[in-house]
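Heads up: the structure comes next, in structure tokens.
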2 protein chains.
Amino acid sequence: MQQLPTVEDVARVAGVSRQTVSNALNSPHIVKPETMTRVKAAIAELGYRPHASARRLRTRKSSTIGVRLDPMTNGISGSLLDRFLHALTEQAAERDLRIMLFTAQGPEGEIEEFRRLRDGADVDAFVLTSTMHEDPRTAWLRDHEFPFVTFGRPSAADDLGDPIHPWVDVDGFSGAEQATRHAIDGGARRVGYIGFDDDTTTARERRAGWAAESAARLGLGSAELDTLARAVVDGVPQGIAAASALLDLPNAPDALVCASDSLALGALMAAATLGRPGIPVVGYDNTPVAAAIGFSSVDQPLDLVAASALELLFGDSGSSIVARKHSAADPLYRLLTPTLVARTSTQLTHMEEPGSPVAGNHNER
Amino acid sequence: MQQLPTVEDVARVAGVSRQTVSNALNSPHIVKPETMTRVKAAIAELGYRPHASARRLRTRKSSTIGVRLDPMTNGISGSLLDRFLHALTEQAAERDLRIMLFTAQGPEGEIEEFRRLRDGADVDAFVLTSTMHEDPRTAWLRDHEFPFVTFGRPSAADDLGDPIHPWVDVDGFSGAEQATRHAIDGGARRVGYIGFDDDTTTARERRAGWAAESAARLGLGSAELDTLARAVVDGVPQGIAAASALLDLPNAPDALVCASDSLALGALMAAATLGRPGIPVVGYDNTPVAAAIGFSSVDQPLDLVAASALELLFGDSGSSIVARKHSAADPLYRLLTPTLVARTSTQLTHMEEPGSPVAGNHNER
DNA sequence: ACCAAGCATTTGAACGATCAAACCCCTGAA
DNA sequence: TTCAGGGGTTTGATCGTTCAAATGCTTGGT
């Protein structure tokens, strides 16, 4: 077990001093090019790596971001969280930042964890994937002026004009609008909607997007729209039930837009069972199940979400926290636009190949 | 912005020295109880928290575990990874350990990342969620004697007798066996099997479990078993195709055991389409989709997996790496047994409530 | 009365990096 | 000739903690 080389060792080999090595690493512009070369050579020769903890102790920065893993029930769900974590980890790596996970029981426990991570200089900032209304956690972070961003808008009440904290979100209005447009472009004249029954921004925005597009393109009034929409808890069985109800209407929809892929899957099943297997169904989140079965779905640009979150915390580049003030020109939030991934509308009994994206798909690997 | 308190501050308030405070924290047994009380009071009064980086610098331990996030395609997939990460984070918290994520492009990039994290004293050990054969990454870690565990056996060739590195896995043989037993207990006399066509331990073990139980309970020979089994790529469409083929056989199976919930979902769809909606289908991984639709599935005890991984690295308790040698009494691996979560066998067109587990279900929250 | 042994606590040094200030050397203006 | 200015580099101090060795106090055996 050999001793790891330190700045001192590098300095000796390069024939310079500690600090010059440090400068070569952290302030390249102030070292003479020729010296730089020697230092770099010495670093390569010894395989030197800065000791992260020593640096952190001195600089009081950790270059690490804490990410709270929600219990499954809240926040972004299922494989979306996977993909987001992946994207965040990759984007963070670009800036020489690392991701540290944490979790805890209950809000108090999490605040305790915030405190611990902050006081231990373990993290420079937090990324939260939850959007609870009046969340005591975000309140604590604000009160203690500790940098953080959320994936998801805090709530409807927190206006775009003066956000109470930085956030990144994906525009559900636009997503549902695109889904609806896709169905209409495919020939649909009455597009049904199956959404969530909770009182969240997400639920509201998506329904509004569907309603707006339906009204504009199909001339449907709000009473008529109400008959075409169902609000349920997320899940396959709920999708089956809601779709069955819609398709049994006297004036049934000829296409369905759903607020999740689970609901869409349920809708497809119901359609097959009710003898309407060809009816177009559009899902949301573009999960693997949508790709596997082959129905269209709205794709959230998770790597952009991740990049934007980091940008809000650390600026355009670099890895030091920047304090920001909200302004119209440089808002404290980022509202991103999703893209529809169009696939050949599928009958459940047939096997189809996954289709190709309509526009750039951010999540193809 | 007030200065955070240090050991020195605590020492002053408690009327003792630095080191005594340190001892109170790290070696409680060597401080006099009365002193202990005073120190504890001072800590509470000042709200003192040890500075993690300073401690790491001195002790050369980070109390942090690096977890490599695989690209989606490999390793444990989809929401399983979510659940595992969650479990790991929670188990780690119990031991005052933290989880740091990382990822990279290609094996070389990941090895570079290993080196970086090791040399920077960022992590004490790694947990990998991939099981590639002859993986250069695990080879590097072994060569450099850096502690790590994998979730998943390295490969069939790496025998239980002399594992080439520590691992935790869930017994696929037992899982498939239980699934098959469940089907037979429900009255099935010919249980079909839809598994993976890749040459992995997972694929082999699960098929073997199904075959063994079928042979033992139903007296089926290996030729007959071959006609009842299909090996495909994981995915819903593949499940549909394989199930359709099996159900179209002259001597068709009266139940289906599948190596994933995706395949099971496909099988259920095919069954519904072919007019056999009541046929029992058992899935694998107990993903949300199984719960939602209501079919039985084999549940992997992810929190046990996480706990076992930590145990292999850090011993029964504590947070310092323990070097282990493989022995029959104390093997370098943990093979865990999954449990079947039985649900009322579902016809796709009906809505059913999720059932309750047959045995303890580790993943209910 | 002496010293060995043990316990609880304290003191000085070290971990590996960066900060702040000092230093050296060169140039150019007075 | 002198000195101010500045780029490039070095030196001493420091971040907060734990290690290793030293200290003081008690106890008990001979």
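Labels below follow one simple rule: chain letters A, B, ... track the order of the sequence lines, proteins then strands, and each chain is numbered from 1.
- Counting distance only, with no hydrogens placed and no angle test, the side-chain atoms of B:R58 and the base atoms of D:dT17 include no donor-acceptor pair under 3.5 Å.
- Residues B:A87 and B:D303 approach most closely at CB-CA, 3.7 Å, considering heavy atoms.
- The base of D:dT17 is not paired with the side chain of B:R55 by any donor and acceptor separated by under 3.5 Å.
- Regarding A:R38, its CZ atom lies at a distance of 14 Å from the P atom of D:dG8, rounded to whole Å.
- Side-chain atoms of B:P50 lie closest to D:dT17 of the nucleotides C:dT18, D:dT9, D:dT17.
- Here B:S17 lies in heavy-atom contact (under 4.0 Å) with a base.
- As judged by a 4.0 angstrom heavy-atom cut-off over every strand, A:T35 is placed among residues touching the sugar-phosphate backbone only.
- One interatomic measurement links the two molecules: CD of A:Q19 to C1' of C:dC19, which rounds to 7 Å at whole-angstrom precision.
- Put simply, CD1 on B:I30 is 13 Å from P on D:dA20, counting in whole angstrom units.
- Between the CZ atom of A:R60 and the C1' atom of C:dA17 there is a distance of 14 Å, given to the nearest Å.
- Nearest nucleotide to the B:K32 side chain, out of C:dT18, C:dT9, C:dA17: C:dT9.
- Atom NZ in A:K61 sits about 18 Å away from atom P in D:dC15, given to the nearest Å.
- Remark: side-chain polar atoms of A:T20 are not paired, donor with acceptor, to backbone N or O of A:R18 under 3.5 angstrom.
- Across the protein-nucleic acid pair, A:D9 atom CG and C:dC15 atom P stand 11 Å apart, rounded to whole Å.
- Just one residue in the list A:H51, A:R56, A:R49 forms a side-chain hydrogen bond (donor to acceptor under 3.5 Å, both in side chains) with B:D122, and that residue is A:R56.
- Residue B:R56 contributes atom CZ, which lies 19 Å from atom C1' of D:dC19 at whole-angstrom precision.
- If you measure from atom CG of A:N26 to atom P of C:dA20, you get 13 Å, rounded to the nearest angstrom.
- Proximity of B:S22 to the phosphate of D:dT17: no side-chain N or O atom is located under 4.0 Å from OP1 or OP2.
- A donor-acceptor contact shorter than 3.5 Å is absent between the side chain of A:T35 and the backbone of A:V31.
- Residue contacts for B:T20: at a heavy-atom cut-off of 4.0 Å it reaches a base atom on one of the strands shown.
- Here B:R68 contributes atom CZ and B:L117 contributes atom CG; the two are 12.5 Å apart, rounded to the nearest 0.5 Å.
- At a threshold of 4.0 angstrom between heavy atoms, the contacts of B:R18 include nucleobase atoms, whether or not backbone atoms are also involved.
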